[in-house]
Amino acid sequence: MFIDTRQMTEGKVVIASVCIIGAGVAGITLAREMEKYGIDTCVLESGGFEPDDESRDLYRGAATGLPYHFADGCRARFFGGSSNCWGGWSRPLDKWDFEAREWVPHSGWPFGLDTLMPYYQRTHSLLKLGPLNFDAAFWEESINRADVRRVPLTTGRIRDSISQFSPPLRFGKAYRRELKAARYVRVFLHANVTQIVPDSGGDRITQVHVQTLSGRRITVTARLFVLATGGIENARLLLASSQTVSAGIGNRHDLVGRFFMDHPRMLTGRVQFTPAWSRNKLYDIKYNYMNAAVAAHGVHIAAQFALTEATLKQEQLLNARICFCSEFPGEGSAGAKALFRCKQALLKKEQPGWSLAADMRTMLQEPVNTFAYGFTRFFHPRKLIKSTGFQVIIEPAPDPDSRVTLSLHQRDALNMPRVEVNWRLNDLVRRTADRTLNLLAQELRMAGVAEVELDAPFEGGEWPATMEKEGTWHHMGTTRMHDSPLHGVVDRECRVHDIANLYIAGSSVFPTAGANFPTITIAALSLRLAEHLRQKLKAVGSRMIDDLPDAVNTEREKEAIAASIDSSGLPAV
C-alpha cells in the first residue's frame, strides 16, 4: 500500500512493528521480506515515484576534502533510491576483503564471506542476475567467441575477475506493483524523517518525527527501527537527532560519520595492443558493458584485472580493479555527451535537468562528432579507436578523518543541517594504484598482449585530472560494523551499539569496501538483517507493545497490535 503523507491528518501517529526509513535497495529488500513474514511494517520514503528538484536539494552540501560531487546524479531521493542511478555492476566482495590485514589499519569485518554467501546466492533472483558463478574460465567457455577471450596470466601475480550486470534493476519500478498490493507493508511517500527520538535513557528509540516539504507533520512509533537512507544520509540523520543525546544517536564514541569511503576512479596510461589482441572485448569497458556479444546464461558480464591474494599480502596493498577503456572518435564533444545522456535515459538513470529536446539540438549542431561516436560505440570498429588506456578503481583505506559532518551554517528546506563531506585518500591508496598498474603492465608485455606506457606515479604527486569528481557513487563506511562499540557504530547484526531497537542497513555499515561494487553486498546484508529482525520479533513477542509510549498511543491502538500477533510473536497471516 502506498500513502501520500502530504494528504494525512496533521499530527497523525502511525504504529507498526517495524519502521524502515528509506526505500532504496536496502529498504525495499527489507520491506519485501517483512511482507513475506507477515510483519506489520511501515516504510518512510522522502520522495515520490519520480524525481523532483525540491527533494533532490535536500541531498546537497559542501565538499571540504578532495573535490567531490556527492549529490545530483550520484544519489536519487525518490522511491527506489540509488538503484535509480545504478549501472548494474554486480560482484560479491572477495574473501580477503572481510579479513583483518595488518598493513590496513581498521580493516576486518566481524564475519567472513562464508556468512554472507547464502545471502549472496539469494541476491541473484532479487537483482535479476545469472548463475552464482564468477569463475572467468566458466564464462569464457560459455560465451565461446574468438573476440571474447581471457588474457593468459602466467606469473601468479595478476588474476582476472568477472562481474555480472543486473539489467540494471530499478527497485522502485520493479517492485512497485508488489508493494502496492502488500497486505502488511505501508509505504509513506514524501515522508522525510527529521528526528529519531530515543527514550530519556538514550538506549531505546521510541518514535521518529516525519515532515513533508509542504509542512505536514506526523509521528511514527514502532518496536524496531531500521535506518536505510544511504552512506551519507544515515550518518546525517543520526548526528542531527541531537535533541535528547547532544552528540547524536549512536555517537557515544564519536564514530558516526567517520570512515567515509568511496572508490576513487580514474583513467590513466596508454595501451597498444598486438594484432592478436586488438579486437578482444572481454576487458574493455567500452565494449563489454551490456554488450550482447559478452553474455551467456541470460546475463551480460565483464572482466577486470586484479592482484592475486598472495600478491596483495606480499606487496601489502589494497584491492583494486583495472580494465581497458578505449577512446572513441568524437568522445568528449558536446554531441557525444548528448548522445550518451540519451542512452542513459533509455536505461532510466536519473539525470537532473536532462532535456531530450536540448540534447537533440546539440546532436544536430555537431553531426560529425555525434555520428562518429555513436557509430563506433554501436559497431565497435577497432580501426576508428583513437587510443586505449586503463580505468582504475581502487579500494579506499578506512580513515577516521575521512568523514561526514553537519554544517554549522547551512540548513535545508526542512531546517535540517546540510552535510559536509571531507573525503580523504591516503598514500596507501596511491601506492596501490601505482604498484597494481606496474604489475599489470609487466604481465601484459610478458603475455604478448600489449605494450604499455604508464603516466607519472600517483604516490608523492597529484591525482590526475581524469580522476572522477564523483568517485564511483559508492558512499560507504560512516556507521561501520564492529563487535566493539569503541570501534564501530553497529554490531555484527547491524544493530546500533547500546540501542536496543535501532538497526542500520546499507553500505554505511561496511568496515572496508574492497574494490567491488556495493549494491549486491547491500542486498545480501539486507536479506540477512531481515532474518534477524524476524527472530528478534519472535523473541520479544507482544511484550514490546507495553514499551510503546502512552503519550502517542491509545489503549485501543495497543490492543489492535496485540490482537495481530500470534503465539509465535509475529503478526498473524
With a 4.0 Å cut-off on N to O distance, would you call R204 and D498 a salt bridge?
no
E33/R122 salt bridge by N-O under 4.0 Å criterion:
yes
Kindly indicate whether a cation-pi arrangement holds for R176 with F49, taking the cut-offs as under 6.0 Å to the six-membered ring centre and within 45° of the axis.
yes
Ring-face cation of R495 near Y503 (centre distance under 6.0 Å, axis angle within 45°):
no
If we ignore angles and hydrogens, is there a donor and acceptor under 3.5 Å between the side chains of E99 and S107?
no
Determine whether more than 12 heavy atoms belonging to other residues, nucleotides or ligands lie under 6.0 Å from atom CD of E54.
no
Salt-bridge criterion met for D434 and R431 (N-O under 4.0 Å):
no
Stepwise, does the ring-ring contact (aromatic ring centres under 6.0 Å, His included) test hold for F79 with F2?
CA-CA 11 Å; F79 187 61; F2 290 101; 5.3 Å; yes
With a distance cut-off below 6.0 Å to the six-membered ring centre and an angular limit of 45° from the axis, does R75 pair with Y59 as a cation-pi contact?
yes
Run the side-chain hydrogen bond (donor to acceptor under 3.5 Å, both in side chains) test against D203 and tell me which residues pass, sequence neighbours left out.
none
Going through the checks in order, is the salt bridge (Lys or Arg N to Asp or Glu O under 4.0 Å) test met by R77 and E233?
CA-CA 10 Å; R77 197 169 174 126; E233 291 299 296; 3.3 Å; yes
Any non-hydrogen side-chain atom of P511 less than 4.5 Å from a side-chain atom of F98?
no
Check V25, V18, V185, I20 against L30 for a side chain to side chain contact (heavy atoms under 4.5 Å, CB included) and give me the one that passes.
I20
For Y175, enumerate each residue passing the ring pair (Phe, Tyr, Trp, His ring centres under 6.0 Å) test, keeping only those at least two apart in sequence or located in another chain.
F171
Is K343 salt-bridged to D359, going by a charged N under 4.0 Å from an acidic O?
no
Just by distance, with hydrogens left out, do Y120 and T521 show a side-chain donor and acceptor under 3.5 Å apart?
yes
Regarding R258 and D399, does a basic nitrogen lie under 4.0 Å from an acidic carboxylate oxygen?
no
In this structure, is the centre-to-centre distance between the rings of H106 and F259 below 6.0 Å?
yes
Please check if the side chain of T123 supplies one atom and the backbone of A524 the other of a donor-acceptor pair under 3.5 Å.
no
Around atom NZ of K180, are there more than 12 heavy atoms from other residues, nucleotides or ligands closer than 6.0 Å?
no
So S46 and N192, side-chain hydrogen bond (donor to acceptor under 3.5 Å, both in side chains) or not? Walk me through it.
CA-CA 5 Å; S46 171; N192 300 280; 2.3 Å; yes
Where does the angle between the aromatic ring planes of F510 and W109 fall among parallel (under 30°), tilted (30 to 60°) and perpendicular (over 60°)?
tilted
Under a 4.0 Å N-O cut-off, is there an ion pair linking E395 with R321?
no
